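Accompanying notes for the structure given below.
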Amino acid sequence: MAAREPLSYPWHDPPADLRPEHVLVGRMSYEAYRQLAETHELGLEYVDGVAYAVQTGNIRHATIATNVLRRVLGPADASGCRVFSMSVSVRTPRRNEYIPDLFVDCARPTRDDLDDHASETPCLIVEVVSPSTAFVDLEAKRPAYLEIPTLGAYLAVETDWRAVHRWWRTESGAWARGLVTGDGAVPLPCPVGVTLTLGDVYAGLQVPAEPPAPRIPHLRRVREPEPV
């Protein structure tokens with residue numbers, strides 16, 4: 001099997017007007033990263049040998065994340081799934097680690113799993129996209145997340161307009177992509193049977209229905225489903 005090429009990660013050299021809400025900590029071994037993560041005051045993510053500190057979001061960002069958490073938490077508890085919000089990392093097959101705004105894991109936990117600091121078996125990952133993290137969430141984290149074998153869907157929720165970017169695994173195992181806007185809804189792979197409406201997502205917020213002018217010239221916002 002041919003070796004996989006490393007992911008190009010834009011945090012290393014972001015566009016000048018898009019400095020993301022992540023602070024470079026430094027290049028280090030995975031073992032050194034884990035030791036530092038246990039005591040660091042902010043959450044740390046680990047990408048291709050480099051550690052980054054994850055900054056907190058604003059009230060709109062937190063409200064959206066809480067709204068999604070509120071919708072999935074009850075059904076997850078009832079079905080034996082676990083929900084984590086900005087508290088546990090997701091480890092990808094490339095041994096990189098990210099801290100999503102929210103993810104659901106329905107795998108049966110073992111004693112070793114309960115002692116671990118990261119999950120390798122998420123079935124749903126949700127990131128809340130702010131203007132300063134759009135490049136990372138849509139262009140960098142996405143391909144890393146889609147490599148996770150257990151993942152059924154990745155949602156990137158916009159904060160500055162009413163839209164959810166959706167990537168989901170089809171019955172054939174291939175990835176499909178779409179954009180949900182307006183009063184639309186997103187069926188979730190887990191907890192089973194749950195649908196997330198945009199009314200749920202943006203409850204308590206006044207968010208425009210139309211997108212602002214793109215801050216990233218090459219970032220194409222789609223309105224119709226298309227294959228990945």
Side-chain angles (χ1 to χ4, degrees), residues 1-15 18-57 61-62 65 68-69 82-107 109-157 165 167 175 216 219:
M1 180 185 298
R4 292 179 297 183
E5 291 295 322
L7 292 175
S8 175
Y9 208 76
W11 287 355
H12 298 317
D13 186 23
L18 286 169
R19 300 298 175 187
E21 296 171 351
H22 296 76
V23 178
L24 175 66
V25 175
R27 183 170 294 278
M28 63 188 67
S29 68
Y30 180 80
E31 292 71 22
Y33 151 73
R34 280 312 326 157
Q35 291 180 0
L36 181 62
E38 292 178 1
T39 59
H40 202 278
E41 61 183 6
L42 297 176
L44 291 183
E45 298 189 328
Y46 187 72
V47 184
D48 298 336
V50 180
Y52 298 86
V54 181
Q55 301 294 311
T56 57
H61 183 287
V68 177
L69 175 64
R82 296 169 291 172
V83 183
F84 301 97
S85 180
M86 287 296 292
S87 57
V88 175
S89 301
V90 165
R91 185 184 299 120
T92 73
R94 297 172 186 257
R95 212 185 182 196
N96 290 331
E97 292 191 9
Y98 307 89
I99 304 177
D101 284 294
L102 181 145
F103 73 92
V104 180
D105 187 331
C106 293
T110 67
R111 181 173 300 178
D112 289 342
D113 290 336
L114 295 176
D115 290 335
D116 203 353
H117 56 267
S119 166
E120 296 181 348
T121 54
C123 52
L124 170 68
I125 295 177
V126 180
E127 292 282 10
V128 180
V129 180
S130 64
S132 62
T133 64
F135 191 66
V136 171
D137 292 333
L138 297 174
E139 299 290 304
K141 284 188 174 184
R142 172 184 53 82
Y145 286 151
L146 299 192
E147 289 184 344
I148 300 173
T150 59
L151 191 68
Y154 170 49
L155 308 181
V157 182
H165 303 266
W167 288 265
W175 284 100
I216 308 171
L219 185 60

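Keep in mind that what you see is a predicted model, and the values were worked out from it rather than measured.
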Atom [atom1] in [X], atom [atom2] in [Y]: separation rounded to 0.5 Å?
{"X": "Leu155", "Y": "His165", "atom1": "CG", "atom2": "NE2", "result": "11.0 Å"}
{"X": "Ile125", "Y": "Asp105", "atom1": "CD1", "atom2": "CG", "result": "10.0 Å"}
{"X": "Ile99", "Y": "Met86", "atom1": "CD1", "atom2": "CE", "result": "6.0 Å"}
{"X": "Ser89", "Y": "Asn96", "atom1": "OG", "atom2": "CG", "result": "11.0 Å"}
{"X": "Glu127", "Y": "His61", "atom1": "CD", "atom2": "NE2", "result": "7.5 Å"}
{"X": "Tyr52", "Y": "Tyr46", "atom1": "OH", "atom2": "OH", "result": "11.0 Å"}

- Consider only side-chain N and O atoms of Tyr33 and Glu97, and report whether a donor and an acceptor are under 3.5 Å apart. yes
- Aromatic ring pairing Trp167/Tyr154, orientation class (parallel under 30°, perpendicular over 60°, tilted between): parallel
- Message: Ignoring hydrogens, what is the shortest heavy-atom contact between Ala107 and Thr121? Give both atom names and the distance.
- Response: CB-OG1, 3.5 Å
- Message: Looking at every non-hydrogen atom in both residues, tell me the closest pair between Pro100 and Val90 and how far apart they are.
- Response: CG-CG2, 3.7 Å
- Carefully, step by step, assess Leu151 and Trp175 under the rule side chain to side chain contact (heavy atoms under 4.5 Å, CB included). CA-CA 10 Å; Leu151 191 68; Trp175 284 100; 4.0 Å; yes
- Item | Exam field: side chain Thr150 to backbone Pro122, donor-acceptor pair closer than 3.5 Å | yes
- Short question: side chain of Arg34, backbone of Ser29 - any donor-acceptor pair under 3.5 Å? no
- Partner residues of Phe84 under the ring-ring contact (aromatic ring centres under 6.0 Å, His included) criterion, sequence neighbours left out: Phe103
- Considering the options Arg94, Lys141, Arg91, which one meets the salt bridge (charged side-chain N to carboxylate O under 4.0 Å, His left out) requirement together with Glu147? Arg94
- Query: Any side-chain heavy atom of Asp101 sitting closer than 4.5 Å to one from Val126?
  - Reply: no
